[in-house]
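Predicted model, so just to flag it, every value in this text is computed and none were measured.
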Amino acid sequence: VRFRNNHTTSGQPSWGLGITRQNNAVRALLLGSDDNKNAAICVNGNNSLIFGEEVSGTWTEHMRIDSSGNVGIGLTNPGDYLSSAHQLVISDSASTGLTIATPNSSSGTIAFADGTGAADNARGLVRYGHSDNNLQFHTNAGERLRIDSIGGTLYYGNASSVGGVTATTRAALDADGTLDLEIPGT
């Protein structure tokens, strides 16, 4: 079943909405500008929700949410990857990447949570601060390493693991190779 508007004015695209069964038995909702190019949302026989396009009768899949909720971008089998990291899998036939775009006064963050409480929702994280262009690494809900905009490195640690001192240890390695070490109580 297809519904469409046929424009006869030059330069005006036709548009349409269709429900169809593709050649590979995929049932699809087509959203298109003409009969040869359609965006499609499909459900296949494995109960995966598939997003793609149909161009001149050829189906190309771009993203899939499988029946377990795993998301694959550029691939059809996200559940086949490492079981502790297959909930979102991105693939391409060339270089592949992930971009987190934020304003220059904000930070982009990847958080590792083991709960929803104040410390648990960011137990570990990687953060890029655009306001001063630094890269931060956090473990156990605290910053442990920072690389500043000129390549200097700042380390934070708990000295209790090396002698029972409970104060925070700080070490800075400047871009020129100078090491500045602070160990409270020494």
Side-chain angles (χ1 to χ4, degrees), residues 31 39-42 46-53 60-186:
L31 308 169
I41 302 170
C42 310
N46 296 324
N47 294 319
S48 294
L49 183 60
I50 303 168
F51 300 85
E53 65 181 332
T60 302
E61 180 174 331
H62 295 294
M63 185 175 86
R64 170 183 299 235
I65 303 173
D66 70 17
S67 61
S68 297
N70 302 314
V71 177
I73 299 174
L75 65 136
T76 62
N77 57 340
D80 290 352
Y81 287 81
L82 181 65
S83 64
S84 62
H86 66 203
Q87 291 75 21
L88 174 62
V89 181
I90 302 170
S91 177
D92 192 24
S93 59
S95 298
T96 302
L98 173 67
T99 299
I100 299 173
T102 55
N104 62 9
S105 60
S106 298
S107 297
T109 303
I110 300 171
F112 302 89
D114 58 11
T116 58
D120 294 334
N121 65 8
R123 185 59 60 189
L125 65 84
V126 178
R127 173 178 288 150
Y128 189 86
H130 291 281
S131 61
D132 59 356
N133 293 312
N134 69 75
L135 181 62
Q136 305 164 23
F137 297 87
H138 294 228
T139 62
N140 199 25
E143 183 176 355
R144 304 294 180 228
L145 172 66
R146 179 181 294 221
I147 303 170
D148 67 22
S149 62
I150 60 168
T153 307
L154 185 61
Y155 303 90
Y156 299 94
N158 187 334
S160 64
S161 63
V162 287
V165 179
T166 58
T168 300
T169 301
R170 179 184 168 275
L173 180 61
D174 293 333
D176 66 2
T178 304
L179 177 64
D180 180 22
L181 181 61
E182 292 178 21
I183 302 176
T186 59

Check: Got D148 and D132 here, is their nearest side-chain heavy-atom distance under 4.5 Å?
Finding: no
Margin query: N140: which residues meet the side chain to side chain donor-acceptor pair (under 3.5 Å) condition with it, sequence neighbours left out?
Written below: R123
Margin query: As a quick check of understanding, evaluate side chain to side chain contact (heavy atoms under 4.5 Å, CB included) for Y128 and N133, giving each step before the final call.
Written below: CA-CA 7 Å; Y128 189 86; N133 293 312; 3.2 Å; yes
Margin query: Minimum heavy-atom separation for G97 and I90, please, with both atom names.
Written below: O-CG2, 4.2 Å
Next item on the list: Heavy atoms only: give me the nearest H86-P78 pair and the separation to one decimal.
Entry: CB-O, 3.0 Å
Notebook entry, point to check: Is it true that a side-chain atom of R144 and a backbone atom of T139 form a donor plus acceptor pair closer than 3.5 Å?
Noted result: yes
Check: Among pairs that include at least one residue of residues 92-104, which meet side-chain hydrogen bond (donor to acceptor under 3.5 Å, both in side chains), considering only residues two or more places apart or in two chains?
Finding: T102-H130
Side-chain donor-acceptor pairs of residues 66-76 under 3.5 Å, sequence neighbours excluded:
| unit_1 | atom_1 | unit_2 | atom_2 | d |
| --- | --- | --- | --- | --- |
| D66 | OD1 | S68 | N | 2.9 |
| D66 | OD1 | G69 | N | 3.1 |
| D66 | OD1 | N70 | N | 2.9 |
| D66 | OD2 | N70 | ND2 | 3.2 |

Next item on the list: Working to the nearest 0.5 Å, report the span between NE2 of H138 and CG of L145.
Entry: 9.5 Å
Check: I100 and G108: which non-hydrogen atoms are nearest, and at how many Å?
Finding: CG2-CA, 4.0 Å
Notebook entry, point to check: What distance separates L125 CG from F137 CZ, expressed to the nearest 0.5 Å?
Noted result: 10.0 Å
Item checked: Worked check of side chain to side chain contact (heavy atoms under 4.5 Å, CB included) between L135 and V126 -> CA-CA 7 Å; L135 181 62; V126 178; 4.0 Å; yes
Notebook entry, point to check: Once you round to the nearest 0.5 Å, how far does CG of N134 lie from OG1 of T153?
Noted result: 11.5 Å
Notebook entry, point to check: Could you go step by step and tell me if I65 and F51 meet the side chain to side chain contact (heavy atoms under 4.5 Å, CB included) rule?
Noted result: CA-CA 9 Å; I65 303 173; F51 300 85; 4.2 Å; yes
Item checked: Euclidean distance, R127 CZ relative to S107 OG, rounded to 0.5 Å -> 5.5 Å
